[in-house]
Amino acid sequence: MPTIYIDGKPCQAELGQTIIEVADGINNGGKQIVDIPRFCYHPTLSIAGNCRMCLVEMGLPKKKKDGGFETDEHGRPLTQWMPKLTTACSTEICDGMHVRTHHTSESVAEAQKGVLEFILINHPLDCPICDQAGECPLQEITYTYGPEGSRFEFEKVHKPKRMAWGSKITFDAERCINCTRCVRFYDEYTQTHELEIVQRGWNNYPALAPSANLDQNPYAMNVIDLCPVGALTSADHRFKARVWEMSATDTISVQDARCSSIRLWVRDNRVMRITPRENPLVNGYYIADDDRLNYQWINDNRLDGPSLKVNQEQQTASWPEAIEAAAKSIKSYPPDNVFVLASARASLETNFMAKSLANDVIQTSHIGYVPHAKGTDDELLIRADKTPNAFGCNLLGIDPVSQEQLSQDVKSGKIKCVIIVEDDPHFCLSLDALSKLAALIVMAYTKSESTDNAKVVLPAATFAEQIGAYINFEGVMQLTRPAKALKYQNRELMKDMALSRLDKHATQFDAWSKDQHKIDAKPGWEILIELAKCLGKTYPYQTAREIFQTISEQYNALNGMDYKSIGKFGKKLQPAQEEQTLL
Amino acid sequence: MQTGFETYKPMILNGTPDLHQIEVYEAEGGYEDLKKALQIPRSELVESVKKSGLRGRGGAGFSTGMKWSFIGKDKPRYLIVNGDESEPGSFKDRQIFEFNPHLLIEGCLITAYALEIKTCYIYIRGEYAKWIRIVEDALADSRKKGLVGKTLPGSDFSVEIYVHKGAGAYICGEESALMNSIEGKRAYPRLKPPFPAVVGLWGKPTIINNVETITNIPLIVRLGAENYAKIGAPDHPGPMLYGLSGHINKPGIYELPSGMLISDLIYKIGGGIPDGKKLKAVIPGGSSMPILRADMIDGVTMNAESLKKAGTSIGTAGMIIMDEDTDIVEAVARLTHFYHHESCGQCTPCREGTGWIEMIYQKFLRDEAEPRDIDLLLSICKQMEMRTICALADGAAWPVRFSIERFREEYEKHCKKPESPGWNYKMRAVSGV
């Protein structure tokens, strides 16, 4: 294996790798070896080499004419340093290469300062009102490597500001540093070619092609995260929150069967935005715009506390009253008339409890889930299956059931009572079937017409409020993590919850956090356990973790797995094990 | 070594009337070199170009034969003739297009044959509308004669030649930007390596030569490598198209052997400086090259070695001559405007630096400059030089750097304002000069 020397430190490397890849720790388990600042380089995009921020000094072993290497009087190989600084992003390594970064080279440190001074002369420096502030590579790199000030004393170049690139993205050309990451993203990842740089020299900026429509590009918003400055901002999130006011929870998207890894950004128990999280096993660096934009349902119109239907109207009830009423209703029908509708939207733990409730407590064979499919799979990330856990349901032995079949059974009188676990009644049953149904018990996230018609409504926690396992269409198991607190939770006491800087280090000046917007809901599995208890069976589980323990013991595919081993990046089920279980 | 220029007989611009017409060209012995070349094995042709010592006439002065020998094995391969002549002071390619387009076409055919290339692009800057038409007409004529696009007489080889018009950007003269331009992309220079000879146009091996370089190829075939190498300076042999512009009595393009004394070119060829004024400065080869003071040109000849010793470079041999009344700051200010306007904006240092430099020069012209602005200019140059993908940043910085180094007193005269206190131009962060 070739060796290169970065600041004199030997590093293993492979031919074909670039200096920046080695410095970033590609052969070091992803652990950075040395910091090299960069703007235009991105591991998923082609090399542009235009920002000139990653300049390093590079030298090769001095060769003799006969092919051997020259050495000094101590027999140490001599290095022939190149007269020009070279970009670490584009320079491929070779055995014995020497690299000097700003840690050991004056001229590299000076070049970095020079490049930053150049970048900043026409940058508006409107950081106080810029959404990127706090997570801005330009800010951070300037802080670490930049000059102390500017010698530029002229008016900055003016370019278009607040340009709407469709309805999802706002572009500020003055903040742009022309790294072309966005251009390359649309050229290479989505291959839709919406952007090109226009103008010349310091008037340069990326512009939309006349006929391009970014609203039709389902991945358009990834350029917002790619942008190393605040030139591209989300029209949805613009001016809503400062980065440091929010907690960022590493979790997964439940928008479709990809289960892309994401971060949920929460302030005051409201989700403010969603950004992608790098996960080579699942989604790489990017997410679909649907994953990013669909979060209002977590914040708004939520069911807040259980309710019962009394005289055609929903009346609030306490949890014990509501559970009691639900149990009473279930008991009033023969088990064969009860259908437990599990959900591919719910976690593995909740589905496991739904199955236990059906098979062991109610003792009905009627259990299934209604698949949600829309559109087609694309070549990148988007899946037609709009549920995150169909794989998990199948693995637990819960079979899909169509809306038509279920509605038919209700209309024919075969099914009289349906318990819907975290799904939309309107989607699962036709309107006439719903009206014919004798008893509907709904565990739902949000208020709707269909929850108004239910006999018992039990508000369920969303993926953003609990920990739970989901298995995506490729068999990768990942965990959701609680990002916002429910009514009876205390953020600081919750082990699994990501804390914001505020949670950990709040001061008296941080009065804007009121710990508001806590919703009275419970995780699905908890509701089902309480229901089972009312129906005469007590389960010993206190946490989702304990349920998962049981599942992993019962199902071969999950043997030996626990929350810890799933970690933040998930774990792929072994194909052999899959087969075993599915058969 | 410049002896004998009085008796030199031009071969490229030989003054024959209507030489752009194929009948006249053929009557003058045109396309005979092609026929001769087709009888020579390819490897021998490449070898003789190497032996001739021909160096590229586009500015970098790299050995043409060496460049050819680097061509990748992959096929198809492409030949590009770089006629995006845009540098202030350079106007030699235009003369070839106008007065001897068939020699260029013949050169293309020989080169293509030697390197097994079937497609050749002649890239001409869009502003040269008239000359594009002349070359296109010449191409049509040679096509009719069965030379272009048809199997060449006495061989099984055919070459197609296209004229590609630029759209008015200096950067398209940079070889890799030119290839992007032909491909229909934005003319951003590409990262090197890989070099065009290996990964060039459409990702295939590509040889890209200057117009004048290619017109020298038939001459090498005609004279033989040894005889060709005897013309002019041994380190930089061959006929050379010298451009004389600026304060000179007889401006124009002159074909003479390489290695001419700069003083001979100005006084013997160019007829001296108007009104008998004294010389102040010469830029020897297109505006990017380091400027020479009048007292630096004694004994300096127009070839790579001699100019290097004098602290400059030959570039395109398009000399800009400035008389004693020239305001160097004003002259360089005009150049800084050019480079600012032409920077493609890909790399940070060039994108921002060229504009910043121009603004400082405007300050000089407004009589608002302070002495520290001179050092600021040098510091900006240092931040630009050798730190970008292509050489435009160097070309933009050199006129500034060398005019300051060699004419600092002129700059100081322009600093009409005293140093204002409290502004520390030599910030600790960005090192000074």
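Residue numbering restarts at 1 for every chain, and letters A, B, ... go by the order of the sequence lines. As the structure is a computational prediction, the values presented were derived from the model and not from experiment.
- In this pair, B/W398 and B/F402 present their aromatic rings perpendicular. The plane angle is above 60°, beyond the 30 to 60° band.
- A donor-acceptor pair shorter than 3.5 Å can be found between the side chains of B/S181 and B/Y123.
- Contact annotation for residues 87-102 of chain A against chain B (heavy-atom separation below 4.5 Å, listed by residue number): A/S90.
- Taking A/T86, A/V157, A/V115, A/I197 one by one and counting their heavy-atom pairs under 4.5 Å with chain B, the maximum is reached by A/I197.
- Contacts between B/K185 and chain A at a heavy-atom distance below 4.5 Å are absent for every atom of the residue.
- Note on B/R401 versus B/D394: no salt bridge recorded, every NZ/NE/NH1/NH2 to OD/OE distance being 4.0 Å or above.
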Would you sort out whether A/F185 and A/H42 count as a ring pair (Phe, Tyr, Trp, His ring centres under 6.0 Å), showing the intermediate values?
-> CA-CA 10 Å; A/F185 175 81; A/H42 192 274; 8.9 Å; no
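- Of the residues considered (B/Q346, B/K363, B/M384, B/E385), B/Q346 shows the highest number of contacts with chain A, using heavy-atom pairs under 4.5 Å.
- A/Q199 touches chain B through its backbone: at least one of N, CA, C or O sits under 4.5 Å from a heavy atom, while the side chain does not.
- Both the backbone and the side chain of B/I360 come within contact range of chain A, each with at least one heavy atom under 4.5 Å from a heavy atom of that chain.
- Between chain B and the options A/L85, A/T180, A/I119, heavy-atom pairs under 4.5 Å are most frequent for A/I119.
- If you measure heavy-atom distances from A/L116 to chain B, you find no contacts under 4.5 Å at all.
- When only modelled atom types and interatomic distance are considered, A/N50 and B/Y188 share no side-chain donor-acceptor pair under 3.5 Å.
- Interface remark: A/S46 contributes no atoms to any contact with chain B (heavy atom separation under 4.5 Å).
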Apply side chain to side chain contact (heavy atoms under 4.5 Å, CB included) to B/I314 and B/R55, showing your working.
-> CA-CA 11 Å; B/I314 192 156; B/R55 295 170 78 142; over 6 Å; no
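- Using a 4.5 Å cut-off on side-chain heavy atoms (C-beta onward), A/P124 and A/R175 make contact.
- With a 4.5 Å cut-off on non-hydrogen atoms, B/L191 touches chain A through its side chain but not through its backbone.
- Using a 4.5 Å heavy-atom cutoff, the side chains of B/I171 and B/C390 are in contact.
- Looking at B/R125 and B/D84, no side-chain N of the basic residue comes within less than 4.0 Å of a carboxylate O on the acidic one, giving no salt bridge.
- The salt bridge (Lys or Arg N to Asp or Glu O under 4.0 Å) analysis of residues 337-356 of chain B, with sequence neighbours excluded, yields the pairs A/R200-B/E342.
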